[in-house]
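Residue numbers start from 1 in every chain, and the chains themselves are labelled A, B, ... in the order their sequence lines are given, proteins ahead of strands. Values below: every heavy atom of this structure, side chains too, minus hydrogens, waters and symmetry copies. All of these numbers come straight from a predicted model, not from anything done at the bench.
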Number of protein chains: 2
Amino acid sequence: MRWNDLSEEACPVARGLSVIGDRWTMLVVRDCFLGYRRFEQIQERLGITRHVLADRLRKLEAAGVLRREPYQERPLRHEYRLTDRGKALYPVMVSLIDWANAHVPPPEASSVTLVSRETGAPIAPVLIDANTGETITHRTVNAKVAE
Amino acid sequence: MRWNDLSEEACPVARGLSVIGDRWTMLVVRDCFLGYRRFEQIQERLGITRHVLADRLRKLEAAGVLRREPYQERPLRHEYRLTDRGKALYPVMVSLIDWANAHVPPPEASSVTLVSRETGAPIAPVLIDANTGETITHRTVNAKVAE
DNA sequence: ACAGTTCGTTCCATTATGGAACTCAGTCTT
DNA sequence: AAGACTGAGTTCCATAATGGAACGAACTGT
């Protein structure tokens, strides 16, 4: 199978990855969540090749994750902002952060953690089922295939 | 920046992606969650080249996400199972599934959804803060950098 | 002896990525 | 008005990763 065929899969994991499963894409999305919107900024922060960044931004725009908006005329300049679809990726990013902080040790004593914007208290993300309030685990959930 | 330098980053998103941000890796993990444990099975299901699969399995084992266990002697054969670290990826996968089902349309009417193993009722995953019980959004959370 | 199984490895063509320089439209400096 | 500067890309080429197919090793079963 080719990577590009993934979007045709029935499995939502495969379809999701066809959009954000690319090497750099989630890092671009992260920077957008952090408020970086311009090509130069993102390119410098990521150390990614301009070539690749241009390609990823194009694809993210085509997927409806980012939108390209002019922030000045003369000379015309665009910035990239998360759409609602892009913002909906927040739980994916938070889950990833939580996993990495618990399971992929940082280089030194440095760390980045999630805290409440209001109180500054640390956040402990847990996935629950909104319908029942119960914690979601791989033991309590099944995948259901509809045709 | 090179892709392989990502694990040295302080940002947990980058460190997490250094393990699972690879093109096929999350699909291998998905298959393990679905109970497929053998090289042949996974290779056929994914349509990935054997070469790449062998490489990914090696890296996932090195990262402590999978462990290699003999399931028979003579001839010696191994299978791959999720470790606790690997199982801890479940919230990441569920968040991704939820996002893809809402934002990346499946090819036809086909769909795969999450249901309760006990009741069969559909699941609506939501991320909350275990400390406060409040829903986690990008407006209520900040990243805090400690040195 | 010979085909079948399972988990890989090897070889090579194609594709993607990294690095650096270049373009283009307009602005700012002197 | 000439020349430097800015931001967002594009172009070119060497290097790395991937896709496809065949091959190898260590057994089993007939």
N/O donor-acceptor pair under 3.5 Å between R117(A) side chain and R139(B) backbone: yes
Donor-acceptor pair, side chain of T83(A) and main chain of R67(A), under 3.5 angstrom: no
Between dA20(C) (C1') and E44(A) (CD): distance, integer Å: 16 Å
Rounded distance in Å - CG (L53(A)) to P (dA8(D)): 10 Å
Taking every non-hydrogen atom, the tightest pair across V112(B) and A10(A): CG2-O, 4.0 Å
Shortest non-hydrogen contact between C32(B) and L82(B), atoms and distance: CB-CG, 3.7 Å
DNA chain D: 5'-proximal contact among Q72(A) and A54(A) (nearest heavy atom): Q72(A)
dG8(C) OP1/OP2 closer than 4.0 Å to side-chain N/O of Y80(B): yes
Annotated protein contacts, base or backbone, on nucleotides 17-30 of chain D with a non-hydrogen cut-off under 4.0 Å, one of B, S, - each: SSBB-B---BSS--
Remaining members of hydrophobic cluster (4.5 Å side-chain criterion), I128(B): V126(A), I128(A), V126(B)
R38(B), H78(B), R37(B) screened by side-chain contact (heavy atoms from CB on, under 4.5 Å) with Y71(B), the one that passes: R38(B)
From K59(A) atom NZ to S18(A) atom OG, the distance as rounded to the nearest 0.5 Å: 11.0 Å
Cation over ring face, R45(B) and Y36(B), 6.0 Å, 45°: yes
Members of residues 30-43 of chain A that approach DNA chain C, where some heavy atom sits under 4.0 Å away: none
